[in-house]
Amino acid sequence: MSRPRRPQPARRGRRAMREISVKVPLLARVEGEGALALKVRDGVIETLQLRIFEPPRLFEKLLEGRSFEEVPDIVARICGICPVAYQMSACHAIEGILGLAPGPWVRRMRRLFYCGEWIESHSLHIHLLAAPDFLGYPNALEMAKAHPEIMRRGLALQGLGNDLIGLLGGRSVHPVGARIGGFYHAPEEAPVRALRERLEAATEDAKALVSWVASLPLPSTEQVFECVSLRHADEYPMNEGRIVSDQGLDLAPADFEAEFEERQASYSTALHCLHRGKPYLVGPLARLNLNFDRLPPSVAEHARASGIAFPSYNPFHSIMARAVEVHCAIVEAAALLDRYEVPAQPFAVPSPRPGVGFGCTEAPRGILWHRYELDSGGRVLRARIVPPTSQNQARIEEDLRTELAALGADSTDEALRLRAEAVIRNYDPCISCATHFLNLEVART
Amino acid sequence: MARLRVSVHKFSSCDGCQLALLNRVEEVMRLADRVAFVHFAELGYVNPDAPVDVAFVEGSVSTPEEVMRIRELRKNARTLVTIGACATAGGIQALRNLQADGRAWVAALYPSPEHVSLLGTSHAISRYVAVDLELWGCPVDSRQVFSAIQALALGVMPINPRDSVCMACKREGNVCVLVAHGAPCMGPVTRSGCGALCPRFGRACYACYGPSEQVNGLALTQRLASLGLDPDAIARRFLSINNAAGPFTEAGLRARASQ
């Protein structure tokens, strides 16, 4: 949106060129730390940079020389909020190299593990990070005073997600249960039954959550962007699928590098990943836009009845997509536990062999792509990891440019800051995940 | 009684230790009459330079900016508590300290490494400033953090157990995975606090809680060798999440040198 430009000689010296630069940690209620720098000239945004200050921890290098068996425990440490996603992408990539097929029990339990992480991460984001924006509170504790029941429900859902991860992983942050080939330990029947009952009860909470989020005063806007996610033949995508987009993209995870490339911006430690040179969206909104027809029928029906239609190109509907996915994950988790049986052995036994493998799974924040090269002893020769936040970063900047221009770039610093924070939080950027990697030959422009 | 003024700060880390609080927000709310959060960005409190009674620090020091920030933070905090393996021992990212040139890894991953302000090393907070209490673990457990807050609110230093995972296994009645299954368990040299999760799941402890008191690295190295681990595999057991903790660095480098 462009605004009429009129010469304002009397004010020119004072405010024609206004530089707004807000330092760390501008971004309260995001994971990790970042800041936004804007240059505004004559009421028009001249430059906008989302600066991520998160120090890279160089995981791709420290993985070199480690045994394939160590990889799931190491990559979990990239992100405390979505360690399951890192473990799953790594397991799939490495099992591809080893030619290991862990079978239906492991497949179901991995999906359950992932349901736990979506429920935990999405519930945390909705209640502790995002909702205070839309209801006008500085933080979740203040919001809890005015809306104690809503907060209690949200925290109970978050706790349920953590307990599902704990069932298979022992703990929800950096769980210890996952291994190449499956799990170290199969849960006994008693805790499974107890969780199955809690999931049953939580289904109503999840429906109420969806209705409540739909009632929030979410700003209305419509933007143009490409959505990218996994798509599976008959499931809502988590661990498996092809990489697709609403603009016709359809490729195997192994071909990711042919379509997507990463570039380094001088102002940020997170690389920007682009699809054929352009920004794109990953995460709950992209997933739901591309996979609404894969939701369990009861979840799709309730989402439709709530009044927000998908596909949606309003980025503020990301919070709605998260709520729908919490509902989906609870229904799926309950179904997965319905058929639970303790297996003879909860893993397939791996043996090393050399090769290159790819894994792409749906982390709470979007597709998380891994590539590993192993030697004949099963040691990592090279690793490459593309997390969701680096994929969304260019899209976040594009969204900020659109929304801040619509708000009016000559708005007060405070108004710009509040709107910018709300826009950024839609993406739930997990800035800690913005580790980084990248091949030296990638061209910069 | 005045409320305890508490802050939570993030350095180079994964955010996982802050989840010790963020996964227990109902309990955080119950602390409200005794504890006031002054700075905790992820929970929405932004006031990084305010003086506090207790500052909890997550993450290691790995940039020039973090060196300055931890020094300022120390001046503002009456008691400084590190939470987790990164803040307490430098984290897994301290593996670059063992390279001849830690910055070489930046150059290998970034096309323009000059734009990445990163030290060649990742160090524990205690390398730069005095630390009053160190809570180990990757991640720390909620119980550790809440007990510490409660004790400090009462004006006493928290109990910080240093016994080994072996002791926890005995208390829990776990079957010893090292003796019974020949698993390369790090429990004998690893601090308790996790609830002996890995042995409980039938897997070998991988030392995410750091060194216990009285680490006998040589004895465990010999035991691991007798199980068939080669020197590099033994070195990797020590040089992992808490690679920069003194007794682990020493045992790991000794194993590596014996190849």
Side-chain angles (χ1 to χ4, degrees), chain A residues 24-25 27-33 53-62 66-67 70 73-74 77-81 83 120 124 128-129 132 138-142 144 151-152 155 158-159 162 170-174 176-177 179 184-185 264 266-267 269 271 430 432 436-438 440 442 444, chain B residues 10-20 22-23 25-26 28-29 32 37 41-46 48 59 62-63 65-66 91-93 95-96 99 102 104-112 115-118 122 138-139 141 194-195 197-198 200-203 206 208 232-233 236 240-241:
Chain A
V24 182
L27 304 173
R29 289 186 281 125
V30 303
E31 295 119 13
E33 294 189 350
F53 293 101
E54 193 65 28
R57 287 175 293 142
L58 313 175
F59 274 85
E60 285 95 338
K61 291 303 286 183
L62 66 82
R66 309 301 297 207
S67 163
E70 297 175 79
D73 293 321
I74 293 176
R77 268 67 190 185
I78 295 174
C79 179
I81 299 159
E120 163 265 320
L124 184 153
L128 300 185
L129 311 181
N139 59 58
L141 300 192
E142 292 301 315
M151 192 58 78
R152 196 166 300 140
L155 297 174
Q158 184 190 350
N162 281 323
R171 63 185 173 200
S172 65
V173 181
H174 307 331
V176 303
R179 54 170 288 167
Y184 284 97
H185 170 79
Q264 183 185 359
S266 61
Y267 53 82
T269 57
L271 297 175
C430 186
S432 302
H436 253 296
F437 46 91
L438 189 62
L440 275 166
V442 172
R444 289 173 292 130
Chain B
K10 176 180 157 57
F11 286 70
S12 296
S13 67
C14 76
D15 276 70
C17 288
Q18 295 182 58
L19 287 173
L22 293 171
N23 276 337
V25 169
E26 286 204 292
V28 169
M29 292 193 284
F37 283 99
E42 202 166 325
L43 198 55
Y45 298 89
V46 179
S62 80
T63 71
E65 179 270 335
E66 287 178 334
I92 195 165
Q93 60 270 23
L95 282 169
R96 72 174 182 267
Q99 301 296 304
W105 281 7
V106 182
L109 297 175
Y110 287 84
S112 306
H115 294 314
V116 181
S117 172
L118 195 70
S122 166
C138 182
D141 188 88
C194 62
L197 286 178
C198 290
R200 221 176 72 204
F201 272 18
R203 83 173 278 202
Y206 61 96
C208 72
D232 189 64
R236 280 186 278 113
S240 185
I241 286 160

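First the proteins, then the strands, lettered A, B, ... as listed; each starts at 1.
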Worked verdict on B/Val25 versus A/Met151 for side-chain contact (heavy atoms from CB on, under 4.5 Å): CA-CA 10 Å; B/Val25 169; A/Met151 192 58 78; 5.6 Å; no

Kindly compute the distance separating CD (B/Glu42) from CG (A/Leu129), expressed to the nearest 0.5 Å. 6.0 Å

Could you go through B/Glu66 and B/Ser12, starting from their C-alpha distance and side-chain angles, then the distance that decides it, and tell me whether this counts as side-chain hydrogen bond (donor to acceptor under 3.5 Å, both in side chains)? CA-CA 8 Å; B/Glu66 287 178 334; B/Ser12 296; 3.0 Å; yes

For A/Leu155, which atoms come within 4.5 Å of any heavy atom of chain B: side chain, backbone, both, or neither? side chain

Hey, which of A/Arg152, A/Gln158, A/Glu70, A/Arg171 has the most heavy atom pairs under 4.5 Å with chain B? A/Arg171

Between B/Val106 and chain A, with a heavy-atom cut-off of 4.5 Å, which part of the residue counts as in contact: side chain, backbone, both or neither? both

What residue in A/Asp73, A/Ile74, A/Leu141, A/Asn162 has the most heavy-atom pairs under 4.5 Å with chain B? A/Asp73

Does any backbone or side-chain atom of B/Leu118 lie under 4.5 Å from a heavy atom of chain A? Answer side chain, backbone, both or neither. side chain

Largest heavy-atom contact set with chain A, pairs under 4.5 Å, which of B/Cys138, B/Cys198, B/Gly202: B/Cys138

For the atom pair CG (A/Asn139) and CZ (B/Phe37), what is the distance rounded to the nearest 0.5 Å? 11.0 Å

Rounded to the nearest 0.5 Å, what separation is found between the CZ atom of B/Phe201 and the CZ atom of A/Arg179? 13.5 Å

Contact check, side chains of B/Cys208 and A/Arg77, non-hydrogen atoms, under 4.5 Å: yes

With only heavy atoms counted, which part of B/Arg236 is less than 4.5 Å from chain A, the side chain, the backbone, both or neither? both

Contacting moiety of B/Asp232, where chain A heavy atoms sit under 4.5 Å: side chain

With a 4.5 angstrom heavy-atom cut-off, which part of A/Arg66 approaches chain B: side chain, backbone, both or neither? both

Less than 4.5 Å apart, any side-chain heavy atom of A/Glu120 and any of A/Ile81? yes

Top contributor to chain A contacts, counting heavy-atom pairs under 4.5 Å, from B/Leu22, B/Ile241, B/Leu197: B/Leu197

